[in-house]
Participant: 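Okay, handing you the structure first.
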Amino acid sequence: MKTKGIAFLGLLIALAFVLSYIEFLLPLNIGIPGAKVGLANLVVMVALYTLGTKEAFALSFVRVLLVSLTFGNFAMLLYSLAGAGLSFLVMVIAKRTKLLSITGVSVLGGVFHNIGQIIVAIFALETVKLVYYMPFLTVIGTISGIIIGIVAGMITERIKGYFL
């Protein structure tokens, strides 16, 4: 990775951290605990489409670690790692198939982030009843994914080649 790419990755990590902090301060109150827009995923999507898989993974992992250590606890770290990890894996696979646009990849990321967190919650709370949240979380993940995907697509088109 060239110096510009490293500097750009550092800026993206800082931006993802700030966006996570903003979401932490302004929680989305729609009756479902922990539901968020996923503003930091906007930065991960931009990194995935401009820098590459390794760099986007590093950004996602470092952001989850920093945010959990700064604003959360061990439980938050587990939920965040599960959601971000599964989401990232699915987004990378979807991107490589080239069957979906950046918005489609983002929608899958939003939905699978919620699936990863529900899986952890089922084991942590020892109840399968949490699957009843999935229809609501799927709608939220889809709407968030569409918004994040559209914005990420616009940003990616504008900066591709500029920083890198």
Side-chain angles (χ1 to χ4, degrees), residues 1-28 33-96 100-121 137 140-164:
M1 179 183 264
K2 295 180 181 179
T3 306
K4 278 185 179 180
I6 293 170
F8 185 55
L9 181 59
L11 287 172
L12 291 180
I13 290 171
L15 180 59
F17 182 76
V18 168
L19 290 174
S20 293
Y21 181 62
I22 290 169
E23 270 194 328
F24 178 77
L25 290 176
L26 305 169
L28 184 63
K36 294 182 177 164
V37 175
L39 293 175
N41 197 46
L42 171 63
V43 183
V44 174
M45 292 294 299
V46 169
L48 185 60
Y49 278 84
T50 58
L51 295 175
T53 303
K54 291 178 197 169
E55 293 80 3
F57 177 78
L59 183 153
S60 184
F61 180 76
V62 168
R63 182 204 55 91
V64 165
L65 196 61
L66 286 174
V67 170
S68 295
L69 292 174
T70 306
F71 310 119
N73 52 36
F74 184 70
M76 181 181 175
L77 177 64
L78 289 179
Y79 285 106
S80 296
L81 283 175
L86 184 59
S87 170
F88 189 81
L89 177 65
V90 169
M91 289 191 302
V92 167
I93 292 168
K95 180 180 180 266
R96 286 187 181 162
L100 297 173
S101 67
I102 191 170
T103 302
V105 171
S106 179
V107 167
L108 284 177
V111 170
F112 277 88
H113 183 92
N114 292 333
I115 291 171
Q117 291 190 329
I118 287 291
I119 290 169
V120 169
L137 292 174
I140 292 167
T142 300
I143 293 168
S144 296
I146 290 169
I147 294 166
I148 296 297
I150 290 170
V151 175
M154 292 168 35
I155 292 170
T156 300
E157 285 303 311
R158 289 208 167 107
I159 67 169
K160 224 175 206 174
Y162 183 73
F163 285 103
L164 312 170

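Since this is a predicted model, take the numbers as computed values, not measurements.
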Participant: In Å and rounded to the nearest 0.5 Å, what is the CG to OG1 distance from N114 to T142?
Facilitator: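 Separation between the atoms: 9.0 Å.
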
Participant: Measure the shortest side-chain to side-chain distance between L100 and V107 over non-hydrogen atoms and say whether it is less than 4.5 angstrom.
Facilitator: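 No, every pair of side-chain atoms sits at 4.5 Å or beyond.
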
Participant: If every non-hydrogen atom of E23 is compared with every non-hydrogen atom of L39, which pair is closest and at what distance?
Facilitator: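 Shortest heavy-atom separation between E23 and L39 comes out as OE2-N, 3.3 Å.
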
Participant: Assess whether side-chain contact (heavy atoms from CB on, under 4.5 Å) is satisfied between L48 and F57, documenting all intermediate values.
Facilitator: CA-CA 8 Å; L48 185 60; F57 177 78; over 6 Å; no

Participant: If you compare all heavy atoms of T103 against all heavy atoms of I150, which two are closest, and at what distance to 0.1 Å?
Facilitator: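 In this case the closest contact between T103 and I150 is OG1-N, 3.5 Å.
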
Participant: How close do L12 and A47 get, counting heavy atoms only, and between which atoms?
Facilitator: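 So the two residues come closest at CD1-CB, 3.9 Å.
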
Participant: Check L9 against E55 and note the closest heavy-atom contact, atom names and distance.
Facilitator: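 Here L9 and E55 meet closest at CD1-O, 3.6 Å.
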
Participant: With side chains defined as the heavy atoms from C-beta onward, is the minimum distance between Y49 and V105 less than 4.5 Å?
Facilitator: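 Yes - at least one pair of side-chain heavy atoms lies under 4.5 Å apart.
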
Participant: Find the distance between CD1 (I118) and CZ (F112) and round it off to the nearest 0.5 Å.
Facilitator: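 It is 13.5 Å, given to the nearest 0.5 Å.
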
Participant: Given L51 and F8, is the side-chain contact (heavy atoms from CB on, under 4.5 Å) satisfied, shown in steps?
Facilitator: CA-CA 9 Å; L51 295 175; F8 185 55; 3.7 Å; yes

Participant: Working to the nearest 0.5 angstrom, can you tell me the gap between S20 OG and L25 CG?
Facilitator: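 One gets 11.0 Å once the value is rounded to the nearest 0.5 Å.
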
Participant: Between F71 and F17, does a ring-ring contact (aromatic ring centres under 6.0 Å, His included) hold up when you go through it step by step?
Facilitator: CA-CA 11 Å; F71 310 119; F17 182 76; 5.5 Å; yes

Participant: Quick one: OG on S106 to NE2 on H113, what's the gap to the nearest 0.5 Å?
Facilitator: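 S106 OG to H113 NE2: 12.0 Å, rounded to 0.5 Å.
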
Participant: How many angstroms lie between CZ in R63 and OG in S68, if you round to the nearest 0.5 Å?
Facilitator: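 The OG atom of S68 is 8.0 Å from CZ of R63, to the nearest 0.5 Å.
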
Participant: Please find the pair of heavy atoms, one from A16 and one from L59, that lie closest to each other, and give the distance.
Facilitator: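 So the two residues come closest at CB-CD2, 4.1 Å.
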
Participant: Please lay out, stage by stage, how V46 and L15 fare under the test side-chain contact (heavy atoms from CB on, under 4.5 Å).
Facilitator: CA-CA 11 Å; V46 169; L15 180 59; over 6 Å; no

Participant: So, the side chain of N41 versus the backbone of V44: is there a donor-acceptor pair under 3.5 Å, distance only?
Facilitator: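 It does not hold such a pair.
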
Participant: Go through L108 and I93 one step at a time and tell me if the side-chain contact (heavy atoms from CB on, under 4.5 Å) criterion holds.
Facilitator: CA-CA 10 Å; L108 284 177; I93 292 168; over 6 Å; no

Participant: Any side-chain heavy-atom pair from V151 and M45 closer than 4.5 angstrom?
Facilitator: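 Not in contact.
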
Participant: Does any part of the side chain of T70, heavy atoms only, come nearer than 4.5 Å to the side chain of Y21, both counted from C-beta?
Facilitator: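 The answer is no; the side chains never approach within 4.5 Å.
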
Participant: Find the distance between CG (L137) and CD1 (I115) and round it off to the nearest 0.5 Å.
Facilitator: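 Going from the CG atom of L137 to the CD1 atom of I115 covers 9.5 Å.
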
